[in-house]
Amino acid sequence: MFRKQECVAMLLAGGQGSRLYALTRNLAKPAVPYGGKYRIIDFPLSNCINSGIETVGVLTQYQPLVLNDYIGSGQPWDLDRMEAGVHVLPPYQRSRGGDWYKGTANAIYQNIAFIERYDPEYVLVLSGDHIYKMDYSKMIEEHKRNKADCTIAVIEVEMSEASRFGILNTKPDGMIYEFDEKPARPKSNLASMGIYVFSWDKLRHYLNQDEENPQSQNDFGRDVLPAMLNKGERMFSYRFSGYWKDVGTIDSLWEANMDLLNPKIPLDLSETDWKIYSRNPGLPPHYLGATAEVQNSMICEGSKIHGKVDFSVLFSGVTVSQGAEVRDSILMPGAKILPGARVNYAIVAENAVIGTDAVVGSRPEESPNLDEWGIAVIAAGINVGSGSVVPSKSMVESDI
Amino acid sequence: MFRKQECVAMLLAGGQGSRLYALTRNLAKPAVPYGGKYRIIDFPLSNCINSGIETVGVLTQYQPLVLNDYIGSGQPWDLDRMEAGVHVLPPYQRSRGGDWYKGTANAIYQNIAFIERYDPEYVLVLSGDHIYKMDYSKMIEEHKRNKADCTIAVIEVEMSEASRFGILNTKPDGMIYEFDEKPARPKSNLASMGIYVFSWDKLRHYLNQDEENPQSQNDFGRDVLPAMLNKGERMFSYRFSGYWKDVGTIDSLWEANMDLLNPKIPLDLSETDWKIYSRNPGLPPHYLGATAEVQNSMICEGSKIHGKVDFSVLFSGVTVSQGAEVRDSILMPGAKILPGARVNYAIVAENAVIGTDAVVGSRPEESPNLDEWGIAVIAAGINVGSGSVVPSKSMVESDI
Amino acid sequence: MRNNNVLGIVFSNMYDEVLPGLTAVRPMGSVPFAGRYRLIDFTLSNFVNSGISKVGIITRNNYQSLMDHIGSGKSWDLSRKNEGLYFLPPFTMSDELYAGRIASLIDIRPFFRNAREEYVILSDCHVAGNIDINNIIKEHISSGADITVACRHGFAPPLKDNLIMWMNAENRIIDIVLGQHPAGECDYGVGLYLMRKDLMVGMLEAAASRNQMNFDRDILLRHLGDVNIHGYRLPEHTSVISSLGSYFKANMALLNTNVLESLFDPQRPIYTKVRDAAPALYGLHASVSNSLVADGCFIEGRVHNSILFRDVRIARDAVVENSIVMQGSVICERTSLNYSVLDKDVVVKAGRVLSGAEDYPLFINKGTVV
Amino acid sequence: MRNNNVLGIVFSNMYDEVLPGLTAVRPMGSVPFAGRYRLIDFTLSNFVNSGISKVGIITRNNYQSLMDHIGSGKSWDLSRKNEGLYFLPPFTMSDELYAGRIASLIDIRPFFRNAREEYVILSDCHVAGNIDINNIIKEHISSGADITVACRHGFAPPLKDNLIMWMNAENRIIDIVLGQHPAGECDYGVGLYLMRKDLMVGMLEAAASRNQMNFDRDILLRHLGDVNIHGYRLPEHTSVISSLGSYFKANMALLNTNVLESLFDPQRPIYTKVRDAAPALYGLHASVSNSLVADGCFIEGRVHNSILFRDVRIARDAVVENSIVMQGSVICERTSLNYSVLDKDVVVKAGRVLSGAEDYPLFINKGTVV
């Protein structure tokens, strides 16, 4: 029934994304909205189809309802294929009970049967946590050229920042001789991007072995990769250069959105030769009223703007009423800013309503103590009552 | 995003089907093959679309991989719709941990959010255990006419058999006043078919209440329906007449297949005004060789028959070699019967191979003791070595 | 709960001649409208939102762009297993045969024969509105009509073959005038007809066998005495496109938010083909007001009272007012555009000043570099 | 890992004239074959199995049935977002323009312009075979050919415009004869050509501008001296349909299991539109041998050396031998059928005896009651 595929991609989309707090209450992290009309998962899925990888397993576990519907048949990414295409893979029960996915490696382990039916040479392991454009086929080419067992994509980071990352120490030919997780004194500035190509025979062997080890946490970074390195398998780094941003925290999510407004930052979503696809909400063009003032901003379909918007990213179906002001903020789908409200350095999640004359967030220059300043977050569906004041760095999870 | 649907169907497809033993080792029960080219779930799904119900949630839990792929986008049942359509709903984790589905009612309870987005008037609860053709829209019409809170489909069974079923005792107008689970002395012969229509507001109330009750097993039949009856809700029976067969045991699965060969039994799969849809394997027409002798049988695409086939149901891609004999048996997709083998009163599951001159099963008239006689089952992918003898009623789960 | 019992037929080429520039490269059905739509999107969405699930599209010529737009019909949820969307190109190659509505319908008789639906609704594509067809069906049935003809009230458009009608108190049509353009307001047909399928096929065959090929004249007018023809007045915000001027006006009307919201009622969405484009980006000096802007636009200049389709670029110091700019067009620095309709992929070079008039907008052909 | 770099073009109407009965109601591409397929299924499946993901289908007339069969292209996995399947109906209405291959290709120049693919493969639909096109592409590249022409070896079919070729040891074509039907075996073209897109468009334009409209004569023959034209011999089990006789023979050849298995290689499946039908049912007195039987058949009689399409009924005491019976046909009691080809929905009434000859099968038109 299933035909051989050279490479199968497995996308780890089960994480809770707990450092996004209110934004992932009812949403898996890869389903978090980004960039006016996207969700984070659009990036790895679009990268896959643009790289010619047509078989993708999406491993879900936490709050998958929105993600499942969003992926659907895979049509928006051209991944609705007869035999290949995108497949959502939740944990399930077997005759002798069932298991939730215990770790990243265990999630793949539980889906060995799925991978095997395509009889692949290579398995590409991806996560749904990053914004980037990458041609995985080039990485696989290099994996082949190196006759590698495992290839790990790396990106150069500032040496001063290196101790925040998993650092790979490599020989001049790119062969990895050491993993250094958040090293106090980094020997290199090559950070792992959490993107792995494995030769499937090797990976299957190590997954089986890892599963038998009761001490293991069944995690790629902690268990499987070190085990492979210890056994002397051929592990190589693959250098990536270009835009790559983790969006795992409120601050980094906010920054990654703001990056889109900065013409100097090399992430262009309007490029036609490496499109990022997304599921379209199907709304009419956005409307800017007679009193609208919009600059340095991204605005999406179905929005209605009568107020002032500057340095902000507005998703579809957003309303900014007359006299309202939105600056340095992100308004997710359906957010409503009522007349006279002021929103500064804030993320307003889906369908939240900011009442008349309410104030959300503040500007850093207005803040007496910069350590206490931060992005304000209004969770999905929340009502901020008229005249309410939401201080900077707050996380509003119930109506006020 | 989602538009109102008058009725949402929830199909309980998570059961292990443990009384089908070897046939459900790697397969959820609703995915068990039936009738030459179908799987059990084709019947409720086709009934839904033929009844005009376009939103179906399929609740999976046990071994869903085959079932998920089989359902796919829902296209074979015309259930690949923009907003409605078929949705697979596995259990999942929430911020405060996750639960497997504890019982049939709990499975629906965990998916209240899914149902609510369609804002339905009615919820139709179905199971994936039966072979039947039924116009659910008529049942919903009667539910409306009765201003019922819950309507349960019933079928008349032989009075002598009634004690094997859940029996409903009703007033002349169909109103239910008592449930009688497998009664020793049945008062009526109206057996519940496990098909329920609920008014959604009522059902939601009772699901929430049931969830709060720590004593409850969270099962419709045991907990929710009796609770509703106790509270005096308007519960009605809906009489169904026509073919209806539980295929929950080896014997009943075998019988239900054989029923297709009996022109007196009113289940016609070639009817064009109530088609049963299935996912097509896409194989060429079957080939009957010069030495083939086929009578009283059903044969499907891609099969190659050179031997003798009588009173049997053959699925797609089956091979019956020259000199082989298959009688009163079911050969599931890809089964191979090698030369000289004899298969009698048996179910040979997917891709199993019956070796040269092997003998599987026996005829009841050859059996010295009829109590020990029964259908022989060869599990999927098993090899029965050449010359081996598999006695009747055996269950072969490893190569012999 | 089943789908309703109506078969939809769309004429994609009717009135091509009234928009010669826009229909030089496409049929009426694929004329762009409202920033991201094509005219046929309104008809198809109205059908689908009313539960019609089998639709035939009659095409005559130039229909490649329409086929590309419609594809499998998936965007309208019309990619169905047993029903869905059918392209009905001319069976015969003769151009003349397709001149009339009756000839086109006669040509697709097998399509009617194979359909299980009891009613047929016929629709042209020169009307942009959000129309609840179930209301027409309900009124058709409750009024006991044989044929229902949808109409608008107002000044009849400047079409040479208007259907102008007079109705009695029950909205039964009692008189019909064809073509004549009366001085005052009136009820005029908009090419939307509902009737029983068998009645229609019978009337078509009777007319065709006498070589009577004009639907309005040879079916409606001739049978006014013997069948019950009912008029159905469409809601206010239904625009009839009968000239470049009315096309311009119908687009501009959407800058009134009431009109915009009634056309794009979220309860009855207008579907269209999805094209992947990034959200619109506004630059440092952008100044945009009272305008509709589609995804993929990049605006650094001034835009007022205008409609910008996908992927339009407005450079710094460009001024676009009272204009419609279609997909992929580029407006360079220091240009000034007023009362203009730019077809797709037009480039207006730096420093150019283009201006039409409110009742006579300037049209620039697809792909032109000005 | 990306799809290969070849654009597929299918001519769905070529050679319609050789099967007048079967193509009276459909183009060559939708002629039924092998119990559940249409001829175009083989071309499309070969394309898709070789990684071609953008395919244009050139149609001329009678193509409604082809559009119904192909639909969105989903069955061939050609319902793609950016590529997939394109119907290319004639842009102009004149019948004459479509007489030749060159004119058809010139007409779709925009399609070539918009395609990113480097190569083009052209295919007719009168060939049923499971052809690995990647092998042709590989040989095309390794041989340094400008144009590769696929051919079969054997007695040339009775077509009036055969392309008969002589190759040197490296399979470069050194001589071409058009139309002539030599006495012995030879290599003859099967309407399958591979070349670079830009080379093809250039040659087409040069030929068309001189009103040279015959591809084989005005491109291949004329350029035999100055470009490298390569011959590629197709595998044995590739049938060329050039008459009702060869159509019959090509179907009957499938009753040899070697031929059947080579055409329906599970590694390179032949895809077709799914029609939902129950499995075939054999009754108490059925006796069937050496036959292909599709789903939905109900057989109570005797069938030998025959091919039964979907939903055929063979009543008790009917005898069907050496025949092809298409979808929905009914063979009543006590009939006898030999060397016959029954188009769809034929009814053979009780007691009738119909018989053609092996080299001249009897053809019965669609829907006939005999």
Side-chain angles (χ1 to χ4, degrees), chain A residues 34-38 42 46 49 73 75-78 80 257 260-263 267-272 274-306 309-319 334, chain C residues 33-37 41 45 72 74-77 79 130 251 254-257 259-261 263-266 269-300 303-313 328:
Chain A
Y34 167 80
K37 67 185 299 187
Y38 307 93
D42 289 329
S46 301
I49 192 72
S73 68
Q75 192 274 333
W77 305 271
D78 207 13
D80 56 331
N257 275 282
L260 292 171
L261 305 178
N262 184 342
L267 177 68
D268 180 3
L269 298 177
S270 61
E271 260 182 358
T272 52
W274 199 272
K275 274 197 180 176
I276 302 300
Y277 301 105
S278 68
R279 192 171 283 278
N280 194 287
L283 296 172
H286 61 267
Y287 173 71
L288 269 55
T291 53
E293 285 178 60
V294 177
Q295 273 143 10
N296 310 302
S297 292
M298 203 169 229
I299 317 261
C300 203
E301 294 169 351
S303 290
K304 288 185 180 121
I305 316 295
H306 298 274
V309 177
D310 201 8
F311 285 106
S312 293
V313 173
L314 273 59
F315 285 71
S316 64
V318 161
T319 304
Chain C
F33 192 80
R36 69 174 292 198
Y37 301 91
D41 293 341
S45 301
S72 66
K74 188 89 193 156
S75 297
W76 298 265
D77 212 9
S79 174
N130 196 323
N251 271 285
L254 299 172
L255 300 179
N256 173 333
T257 49
V259 179
L260 186 67
E261 277 162 25
L263 186 59
F264 297 106
D265 177 353
I270 304 300
Y271 302 104
T272 188
K273 183 186 180 185
V274 169
R275 291 189 62 260
D276 294 281
L281 207 51
Y282 290 81
L284 190 59
H285 304 283
S287 164
V288 181
S289 59
N290 203 40
S291 294
L292 278 171
V293 180
D295 276 0
C297 288
F298 180 37
I299 303 177
E300 299 184 284
V303 178
H304 182 60
N305 285 354
S306 293
I307 294 179
L308 308 187
F309 284 68
R310 305 276 177 124
D311 298 333
V312 165
R313 306 196 124 229

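Numbered from 1 within each chain, the chains take letters A, B, ... in sequence-line order.
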**Complete:** Scanning both residues in full, the closest heavy-atom pair of S312(A) with V309(A) reads CB-CG1, 3.9 Å
**Prompt:** Taking the six-membered ring for Trp, are the ring centroids of F315(A) and Y38(A) within less than 6.0 Å of each other?
**Reply:** no
Examine distances only and state if a side-chain atom of [X] and a backbone atom of [Y] form a donor-acceptor pair shorter than 3.5 Å.
X	Y	value
S303(A)	I299(A)	no
R313(C)	E300(C)	no
S79(C)	D77(C)	no
S297(A)	Y282(C)	no

Please classify the contact between [X] and chain C as side chain, backbone, both or neither, with a heavy-atom cut-off of under 4.5 Å.
X	answer
K275(A)	side chain
E301(A)	both
F311(A)	neither
I305(A)	neither

Please rank [options] by heavy-atom pairs under 4.5 Å with chain A and give me the top one.
options	answer
T272(C), N290(C), L263(C), V303(C)	N290(C)
I299(C), I270(C), L255(C), L308(C)	L255(C)
A294(C), G283(C), S287(C)	G283(C)

**Request:** May I ask you to check whether W77(A) and D42(A) show a side-chain donor-acceptor distance below 3.5 Å?
**Result:** yes
Name the option with the most non-hydrogen atom pairs under 4.5 Å to chain C; the candidates are [options].
options	value
K304(A), H286(A), E271(A)	H286(A)
L269(A), D310(A), V294(A)	V294(A)
A290(A), G317(A), A292(A), S270(A)	A290(A)
P284(A), G289(A), C300(A)	P284(A)

What part of [X] gets closer than 4.5 Å to chain A, counting heavy atoms only: side chain, backbone, both or neither?
X	value
F309(C)	neither
A34(C)	backbone
F264(C)	side chain

**Prompt:** Can you find a heavy atom in the side chain of D41(C) that is under 4.5 Å from one in the side chain of F33(C)?
**Reply:** no
